[in-house]
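Scroll down for the structure; my scribbles are underneath it.
Each chain gets a letter, A, B and so on, in the order its sequence line appears, and its residues count up from 1. Bear in mind the structure is a predicted one, so any value in this text is a computation, not a measurement.
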Number of protein chains: 2
Amino acid sequence: MPFSIKEASEMLGCPAHTIRYYEKEGLLPNIARDEHGNRIFEQKDLDWIKLMTCFRRTGMKVAALKQIVDLALQGESTIPQRKAILEEHQQELHRQQLELNEAFHAVNQKLSIYDGIQKGNLAPDRDLRMDEGKFH
Amino acid sequence: MPFSIKEASEMLGCPAHTIRYYEKEGLLPNIARDEHGNRIFEQKDLDWIKLMTCFRRTGMKVAALKQIVDLALQGESTIPQRKAILEEHQQELHRQQLELNEAFHAVNQKLSIYDGIQKGNLAPDRDLRMDEGKFH
DNA sequence: TTAAGCATTAAAGCGTACTTTAAGTCAAAC
DNA sequence: GTTTGACTTAAAGTACGCTTTAATGCTTAA
């Protein structure tokens, strides 16, 4: 049930150095140590790191994660603040969704212009050329 | 029809310094200049900057944009390479979509746990607690 | 004519999140 | 016994994409 940092690293697909860095930044309070001072990770620690990784990959800052941790350490009375941080991230996710949709549309349009040029030697719509061929 | 850097900046919502930086990096070849050496932007330049911004916001690197520009300057024979870069970005967009979905799920789950604690004083599912209240 | 407001350049600086390095301890394998 | 490999810490370094600074010049309105 308890894991060394190497095992944790392998299970999470995350460098051991990064895990140590997270601990140093206060994102992993109360990580147990063995008799030699080595870190011992339990499943709940791994779950929390996994969750942080999920939030980090979608742009949540280390500082925001640190805030959540600090609030959590103060007890359940801080749940409203923690909710606010998560709701802000939720909004950020919505923004990213919009940007992603926009980018999907743009890349697909661009690719079909390339296809048109390659396959049919079509004269591409002037307004969509932007960078194909020359710049003028 | 032609715009100053300030007008371009305002129309794009992008700092003039950033536009100059893009030009310096080779992302904006052949930007016209007036008799004083000031940049003159045309609609197609703005369109290209808009497209780059869309790609940048979804994680495409400046270096990749530079590659596209360099290839475009070499003519239509480089369309296969340009397609490959865009298809790679398309894959990246798919990856981001998955991460976004994962994050949506996680944040919603977390928020409903907070709601449960606040509203009904429910004992939260042990496996989903992670950081609520204490860390053990 | 002088100050405001726009432009130019090159170069240095900054924020974020790691990542790498350096220097050392410890325990088991050979 | 000594080498190997995993661990420890603190600190310096890196990558990226701007952003800011500094020094300067042109043009127009007061």
Side-chain angles (χ1 to χ4, degrees), chain A residues 2-42 45 48-69 85 88-89 92 96 99 103, chain B residues 2-41 45 49-69 85 88-89 92 96 99 103:
Chain A
F3 309 104
S4 72
I5 196 164
K6 200 194 183 200
E7 287 163 334
S9 162
E10 280 160 3
M11 291 169 78
L12 294 165
C14 168
H17 270 111
T18 301
I19 299 174
R20 290 194 198 99
Y21 162 73
Y22 284 162
E23 197 200 21
K24 198 181 59 177
E25 293 299 304
L27 269 39
L28 298 172
N30 308 325
I31 292 292
R33 301 286 183 134
D34 70 9
E35 69 275 17
H36 304 301
N38 293 358
R39 292 168 186 80
I40 296 168
F41 296 88
E42 301 184 27
D45 300 317
W48 172 233
I49 297 173
K50 257 183 236 168
L51 185 61
M52 289 198 294
T53 301
C54 173
F55 288 166
R56 279 286 308 116
R57 277 199 286 246
T58 51
M60 183 178 280
K61 297 199 171 166
V62 166
L65 290 168
K66 168 97 166 103
Q67 268 194 77
I68 293 173
V69 170
I85 295 169
E88 202 176 306
H89 190 56
E92 171 61 23
Q96 288 186 33
E99 285 172 354
Chain B
F3 309 104
S4 72
I5 196 165
K6 202 198 180 196
E7 287 164 334
S9 162
E10 280 159 5
M11 292 169 77
L12 294 165
C14 170
H17 270 111
T18 302
I19 299 174
R20 289 194 198 98
Y21 162 72
Y22 284 163
E23 197 200 20
K24 199 182 60 180
E25 292 300 304
L27 268 40
L28 298 172
N30 307 327
I31 293 293
R33 301 286 182 133
D34 70 11
E35 69 274 18
H36 303 302
N38 293 358
R39 291 168 186 82
I40 296 170
F41 295 89
D45 299 317
I49 296 172
K50 257 183 234 166
L51 185 62
M52 286 198 294
T53 301
C54 173
F55 288 167
R56 281 285 307 116
R57 276 200 287 249
T58 51
M60 184 179 279
K61 298 201 171 164
V62 166
L65 291 167
K66 169 98 167 103
Q67 268 194 81
I68 292 174
V69 170
I85 294 170
E88 202 176 305
H89 190 56
E92 171 60 24
Q96 288 186 33
E99 285 172 355

Let me know the distance between CG of A:Leu28 and P of C:dC18, rounded to the nearest Å. 12 Å

Mind checking the CG-OG1 spacing from B:Leu12 to B:Thr53? Nearest 0.5 Å is all I need. 6.5 Å

Reading 5' to 3' through nucleotides 4-11 of chain C, protein heavy-atom contacts under 4.0 Å coded B for base, S for sugar-phosphate only, - for none: --SSBB--

Measuring from atom CG of B:Leu65 to atom NZ of B:Lys61, what distance do you get when rounded to the nearest 0.5 angstrom? 12.0 Å

Within a strict 4.5 Å, meaning less than it, do heavy atoms of the A:Ile49 and A:Met52 side chains meet? yes

In whole angstroms, the gap separating C1' of C:dA17 from CE of A:Met52 amounts to 13 Å

Nearest-Å distance, CZ (A:Arg56) to C1' (C:dC18)? 9 Å

Nearest whole angstrom, please: distance from the C1' of D:dT21 to the OH of B:Tyr21. 17 Å

Report yes if a side-chain nitrogen or oxygen of B:Thr18 is closer than 4.0 Å to either non-bridging phosphate oxygen (OP1 or OP2) of D:dT19; otherwise report no. yes

Between A:Tyr22 and C:dA17, is there a side-chain N or O to OP1/OP2 distance below 4.0 Å? no

Identify, with sequence neighbours excluded, every residue that meets ring-ring contact (aromatic ring centres under 6.0 Å, His included) alongside A:Phe55. A:His89

Taking B:Glu99 for its side chain and A:Cys54 for its backbone only, find out whether a donor-acceptor pair lies under 3.5 Å. no

Is there a side-chain contact between A:Tyr21 and A:Val62 in this structure, where contact means two heavy atoms from C-beta onward sitting under 4.5 Å apart? yes

In this structure, how many angstroms lie between the C1' atom of D:dG17 and the NZ atom of B:Lys61, rounded? 11 Å

Distance check needed: C:dC18 C1' versus A:Lys66 NZ, whole Å only. 17 Å

